[in-house]
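Reminder, nothing fancy here: chain letters follow the sequence lines and each chain counts from 1.
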Amino acid sequence: MKEMQTTYNPREFEDKIYAEWMEDGAFEAKIDPQKVPFTVMMPPPNITGRLHMGHAMDETLQDIVVRFKRMQGYSVLWMPGTDHASLATEHKIVEKLRDEGISKEDLGREEFLSRAWAWKEQYGGAIVEQLKKLGSSCDWSRLAFTLDDRCSNAVREAFFKLYEKGLIYRGSRIINWCPDCKTALSDEEVSYSEDAGHFWYFRYPVDGSDESVVIATTRPETMLGDTAVAVHPEDGRYAHLVGKTLVLPLVGRKIPVVADAYVDPEFGTGAVKITPAHDPNDFEVGLRNNLPMIRILNDDGTINAEGGKFAGLDRYEARKRIVAEMDSLGLLVKVEAHTHNVGHCHRCNATLEPLVSKQWFVRMAPLAKPAIDAVMKNKTKFTPDRFAKIYYNWLENIRDWCISRQLWWGHRIPVWYCDDCGAQICSKTDPDVCPKCGSSRLHQDEDCLDTWFSSALWPFSTLGWPEETPEYKYFYPTDVLVTGYDIIPFWVMRMMFSGIRYTGKVPFRDVLIHGLVRDEQGRKMSKTLGNGIDPLEIIEKYGADSLRLSLITGVAPGNDTRFTETKVEASRNFINKIWNASRFVLMNAKDETVCTDLAKIKLTPADRWIISRLQTTIREVTLSIQKYDLGIAADKLTAFAWDDFCDWYIELCKPSLYGGDPEKKRATLGVLLFVLKDLLKLLHPFAPFVTEEIYGYLPGTEGHIITADYPRYNSKLAYKQEAKTFEGVIELIKAVRAIKVSVNCPPAKKVHLYLVTEAKRLISVNKSSILRLAGASEIEFAESGAEAGEKTVSQVTEIAQIFIPLGELVNIEEERARLQKELARVTGEIARAESKLSNTNFVAKAPKKLVEDEQAKREKYLEMKEKIERQLMSL
RNA sequence: GGGGGCAUAGCUCAGCCGGUUAGAGCGCACGCUUCACAUGCGUGAGGUCACAGGUUCGAGUCCUGUUGCCCCCACCA
């Protein structure tokens with residue numbers, strides 16, 4: 001048998017292990033009617049760049065669940081893929097082109113797209129490599145891309161279906177426009193920030209009068225598009241002006257004063273300039289009052305011909321000039337500093353302009369309702385469930401979804417216009433002739449779809465929908481979607497209504513929501529702050545397993561977490577511990593033929609204790625994973641592996657391993673290997689690489705741990721009573737250690753133990769372990785402490801009274817103080833138990849078990865108290 | 001304005017349906033080259049669970065209110 005290296009060095013085997021899994025086809029999903037399918041769709045990372053810590057966490061959570069289910073015998077499909085990320089990618093490519101001194105228009109649509117595909121090959125490929133480094137066990141043979149044929153076909157179908165039912169329409173409405181990206185955006189793609197700005201107060205003269213109205217604005221340039229001034233209908237100050245006409249300065253346009261309840265008389269001057277084409281509220285006022293809409297901006301944010309002499313100026317330059325001119329005309333009343341919420345492009349952060357534009361929209365109301373109901377009826381469940389409220393909140397307040405983008409990289413809108421008869425044709429396949437007039441002079445809509453339109457179909461488009469493929473029939477609906485809470489409005493919500501609408505089924509049964517990975521100071525990791533940490537660098541330094549563990553331990557579902565290298569180190573240390581414990585077991589087993597069939601092994605109390613602890617751990621870990629409490633699962637596993645297995649059981653085993661009795665040694669090795677094997681399996685979903693590597697060294701294992709059976713709780717191995725009894729031995733050892741420390745007895749100095757106990761048998765059986773672990777030379781059973789002599793330190797434990805003659809190390813006063821302290825503690829416990837038990841309501845109403853426990857506790861402490869008192873007296 | 005979250009040890013955080021003595025990691029103190037591991041071992045110190053009420057036999061946990069942070073959405077031109 002080959003031997004494990006002395007140090008844990010993940011770099012030496014992680015890539016090798018991954019290659020083995022791939023070679024074995026361990027990730028490949030198979031349609032197996034004998035098995036229950038378990039499906040997870042990976043949230044497709046954008047092909048815009050590298051993966052960040054948030055991805056690493058998202059992937060880790062999925063991989064844990066997926067590996068767990070695979071080992072449990074499900075037919076698992078974890079579908080990987082990448083997202084073309086229309087706007088984000090196009091923006092990046094445009095930026096790159098800009099560096100080369102070219103615009104996308106210079107290239108033309110076709111050439112631009114071929115560059116985009118090249119980009120996709122490069123970055124999409126890099127992402128796949130990163131996912132592999134993390135250990136993601138997804139089925140690479142099915143790698144999907146939102147712009148591939150399958151997904152594109154689904155997009156066509158979905159668009160057509162909605163169009164057919166009138167749920168998609170084209171109309172001129174106020175949308176969010178990014179002058180940098182030169183495209184419309186959906187409401188969700190706008191991020192607001194409090195920006196410092198100004199409030200300019202302008203005077204608009206009343207036509208044919210000396211009177212004037214003062215209005216306030218944060219965007220002076222929009223006055224070029226003003227078509228009215230509005231006041232509140234009941235505002236006495238302005239009542240006489242309603243219906244009168246104002247002369248719009250600089251422009252000369254005559255505009256009416258209208259009354260509209262939208263105006264807040266308390267705010268500003270109580271008079272509002274109305275620019276229907278450039279403000280959502282003004283748009284509404286404009287509709288109500290039949291006002292003309294004058295659009296004054298070009299797509300790039302410069303002033304258009306409507307702006308007269310300001311035409312061609314950038315919006316901010318125009319703003320300056322307008323303010324200056326108003327000032328020189330004496331129409332600038334005052335300027336105030338004013339901070340207000342300004343919408344920015346979610347991609348490029350440019351300040352957005354609301355403007356009226358002809359775009360495509362999805363009618364949301366009919367789609368939102370079933371999506372709400374599905375969660376209400378628990379067809380889909382959020383974990384943690386508080387995110388259901390957030391989901392409802394979004395859907396209940398949703399507005400129509402602007403889905404058209406003035407971009408090239410994406411799914412082109414499947415609508416054609418007839419140049420002859422003007423017909424608008426939506427078709428699943430490219431039409432040759434106009435179905436209305438037969439003309440062949442057709443041209444396709446220039447725009448692309450919002451990237452989320454295709455993401456919304458991900459759970460089924462990747463399985464071949466609308467075709468009833470075998471995959472679709474077997475793997476859909478999916479089981480769990482894992483994603484961050486920031487994606488709920490963009491994606492979760494849209495997959496829900498799309499899935500329900502198109503497939504008649506919710507796309508997933510569970511939604512596991514996680515939080516954000518923040519930096520050490522709790523700040524969001526971002527490119528601009530430069531505080532992001534590359535997961536690959538961490539993997540390079542500590543290994544993927546350590547990174548994975550550090551991202552889930554101590555993290556509650558849905559909560560944000562801070563990433564610190566200290567945490568990764570702690571995880572690395574833990575894995576190193578596992579490595580060394582395994583190495584220890586294997587070194588001892590090297591020349592032996594070991595049988596791990598527990599039925600054939602004569603088990604010691606310590607064996608039964610660790611086997612019992614293993615069963616408890618199996619049960620707890622399994623339950624925790626099923627509830628998606630992965631942080632808790634990892635905690636339980638760590639405690640079992642480190643405390644119980646390494647610090648106690650392995651140490652307890654040493655006497656029998658080194659004692660020279662071959663039979664005992666083989667028996668012990670059998671149990672060690674049995675427990676280690678299950679431990680590795682339990683750990684495998686969390687730390688797949690190291691467990692697989694070690695598994696390869698275990699005698700008697702075939703194949704890989706990735707496809708091994710997940711351990712099952714075995715009640716026959718629970719040994720509840722025996723395990724509890726054995727805890728007494730542990731307590732005894734701990735007490736001796738504590739005594740030695742308290743009197744500054746050097747650890748190397750072996751002490752002679754006098755034990756007054758009823759548990760002579762238990763102690764005898766474990767004698768060599770106790771001697772070794774407690775640092776003792778001899779155990780002597782005594783009738784009383786007197787046998788230990790004068791200079792004695794004592795301690796009461798559940799199974800024994802301990803007396804240790806320590807000669808000159810003993811200070812009677814200190815010893816008395818120590819016992820007094822112990823007595824106080826025990827007395828406190830008795831008081832607590834008694835106060836509970838003397839409460840008749842407690843005895844009457846609390847569960848019987850609890851009352852009994854409390855009684856037993858009182859008995860136990862009373863007994864201890866008596867013993868301590870006796871020891872005190874003997875001093 | 002609407003919705004949600006957080007407040008527990010020096011720090012970062014766990015703590016499920018209310019029920020032993022409230023936990024972990026890191027840090028800290030003391031002591032250990034014990035033949036798997038100093039990426040380690042042993043022993044320990046450290047908490048009025050933000051505050052005030054309430055429900056209950058019993059509250060860190062449930063309810064109400066208060067305070068202080070944080071996030072999302074809407075938004076006054």
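Residue A:P847 is classed as a base contact, given a heavy-atom separation below 4.0 Å to a base. Counting any heavy atom pair closer than 4.0 Å across all strands shown, A:W579 reaches no nucleic acid atom. Across all strands, A:Y861 comes closer than 4.0 Å to base atoms (heavy-atom distances). Looking at heavy-atom distances under 4.0 Å, A:G631 makes no contact with the nucleic acid at all.
When the ring pair (Phe, Tyr, Trp, His ring centres under 6.0 Å) test is applied to A:F382, the partners found at least two apart in sequence or on another chain are A:Y391. Scanning for ring pair (Phe, Tyr, Trp, His ring centres under 6.0 Å) contacts around A:F645 gives an empty result, with sequence neighbours left out. With sequence neighbours excluded, the residues satisfying ring pair (Phe, Tyr, Trp, His ring centres under 6.0 Å) with A:H338 are A:F199, A:H340. Residues forming a ring pair (Phe, Tyr, Trp, His ring centres under 6.0 Å) with A:H198 (at least two apart in sequence, or on another chain): A:W200. Partners of A:E266 by side-chain contact (heavy atoms from CB on, under 4.5 Å), not counting sequence neighbours, listed by chain and number: A:D264.
When all heavy atoms are compared, the tightest approach of A:R386 to A:N559 is NH2-OD1, 3.2 Å.
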With a cut-off of 3.5 Å and sequence neighbours excluded, list every side-chain donor-acceptor pair involving residues 483-491 of chain A.
from	atom 1	to	atom 2	distance (Å)
A:Y485	OH	A:D560	OD1	2.8
A:Y485	OH	A:D560	OD2	3.1
A:W491	NE1	A:S455	O	2.9

Tabulate below the donor-acceptor pairs under 3.5 Å that side-chain atoms of residues 621-634 of chain A make, not counting sequence neighbours, or state none.
from	atom 1	to	atom 2	distance (Å)
A:T622	OG1	A:I618	O	2.6
A:S624	OG	A:E620	O	2.8
A:Y628	OH	A:D510	OD2	2.9

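Using modelled atom types, one finds no donor on one side chain facing an acceptor on the other under 3.5 Å when comparing A:K541 with A:S546. Side-chain N/O atoms of A:H344 and A:D195 include a donor and acceptor closer than 3.5 Å.
Straight-line distance from the NE2 atom of A:H344 to the P atom of B:rC73: 13 Å, rounded to whole Å. Rounded to whole angstrom, the span from the CG atom of A:L630 across to the P atom of B:rG15 amounts to 12 Å. Here B:rG3 presents its C1' atom at 4 Å from CG of A:N393, a figure rounded to the nearest Å. A straight line from CD of A:E854 to P of B:rU20 spans 8 Å, rounded to a whole angstrom. Protein atom CG of A:D635 is 9 Å distant from nucleotide atom P of B:rG25, rounded to whole Å. The distance between atom NZ of A:K845 and atom C1' of B:rU56, rounded to the nearest whole Å, is 8 Å. We find that CG of A:N397 is positioned 12 Å from C1' of B:rG1, with the value rounded to whole Å. Atom CG of A:D643 and atom C1' of B:rG23 are 12 Å apart (whole Å).
A gap of 36 Å separates the C1' atoms of B:rG44 and B:rC17, to the nearest Å. For the C1' atom pair drawn from B:rA59 and B:rA50, the interatomic distance equals 16 Å after rounding to whole Å. On the P atoms, B:rG3 is 30 Å away from B:rA9, given to the nearest whole Å. Between B:rG25 and B:rU66, the distance separating the two P atoms is 39 Å to the nearest Å. The P atoms of B:rU48 and B:rG23 are separated by 15 Å, rounded to the nearest whole Å. When the P atom is compared between B:rG46 and B:rC16, the two are found 26 Å apart, to the nearest whole Å. With P as the reference atom, B:rU39 and B:rU34 are 15 Å apart, rounded to whole Å. Distance noted for atom P between B:rG65 and B:rA45: 41 Å (whole Å).
The one candidate from A:D279, A:D282, A:T222, A:T227 that meets the side-chain hydrogen bond (donor to acceptor under 3.5 Å, both in side chains) condition with A:K273 is A:T222.
With hydrogens and angles ignored, the 3.5 Å screen pairs no side-chain donor or acceptor of A:R518 with any backbone N or O of A:R523. No donor-acceptor pair under 3.5 Å is formed between the side chain of A:D226 and the backbone N or O of A:A228. Between the side chain of A:R11 and the backbone N or O of A:Y542 there is no donor-acceptor pair closer than 3.5 Å.
A heavy atom closer than 4.0 Å to some atom of RNA chain B occurs in A:A216, A:T218, these being the qualifying members of residues 214-226 of chain A.
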Provide a list of protein-nucleic acid N or O atom pairs under 3.5 angstrom, restricted to nucleotides 4-6 of chain B.
none

Between the protein and nucleotides 67-71 of chain B, list the N/O to N/O atom pairs that are separated by less than 3.5 angstrom.
none

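The existence of a salt bridge linking A:K334 and A:E336 is confirmed by a sub-4.0 Å separation between a basic side-chain nitrogen and an acidic carboxylate oxygen. Using a 4.0 Å cut-off between charged nitrogen and carboxylate oxygen, A:D260 and A:R288 count as a salt-bridge pair.
You'll find the side chain of A:P265 reaches within 4.5 Å of the side chain of A:R237, heavy atoms only.
With rounding to the nearest 0.5 Å, the separation of CD1 in A:I322 from CD in A:E221 is 6.5 Å.
Helical stems of RNA chain B (runs of at least 3 Watson-Crick or G-U pairs, donor-acceptor distances under 3.5 Å) are listed by first residue: B:1-7 with B:67-73, B:10-13 with B:23-26, B:28-32 with B:40-44, B:50-54 with B:62-66.
Each of A:D187 and A:L850 lies near RNA chain B, and the nucleotide nearest A:L850 is the one positioned closer to the 5' end. Along RNA chain B, the nucleotide nearest A:D264 and the nucleotide nearest A:A570 are compared for position; the residue whose nucleotide lies closer to the 5' end is A:A570.
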note = Per-nucleotide protein contact along nucleotides 36-45 of chain B, 5' to 3', at a 4.0 Å heavy-atom cut-off (B base, S sugar-phosphate only, - neither), is BB-BSSSSS-
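For A:N341 and B:rC75, a side-chain-to-base donor-acceptor distance below 3.5 Å is present, hydrogens and geometry of angles not being considered.
Listed candidates were B:rC57, B:rG15, B:rA74. Nearest to the side chain of A:Y192 is B:rA74.
Between A:H338 and B:rA77 there is a side-chain N or O to OP1 or OP2 distance below 4.0 Å.
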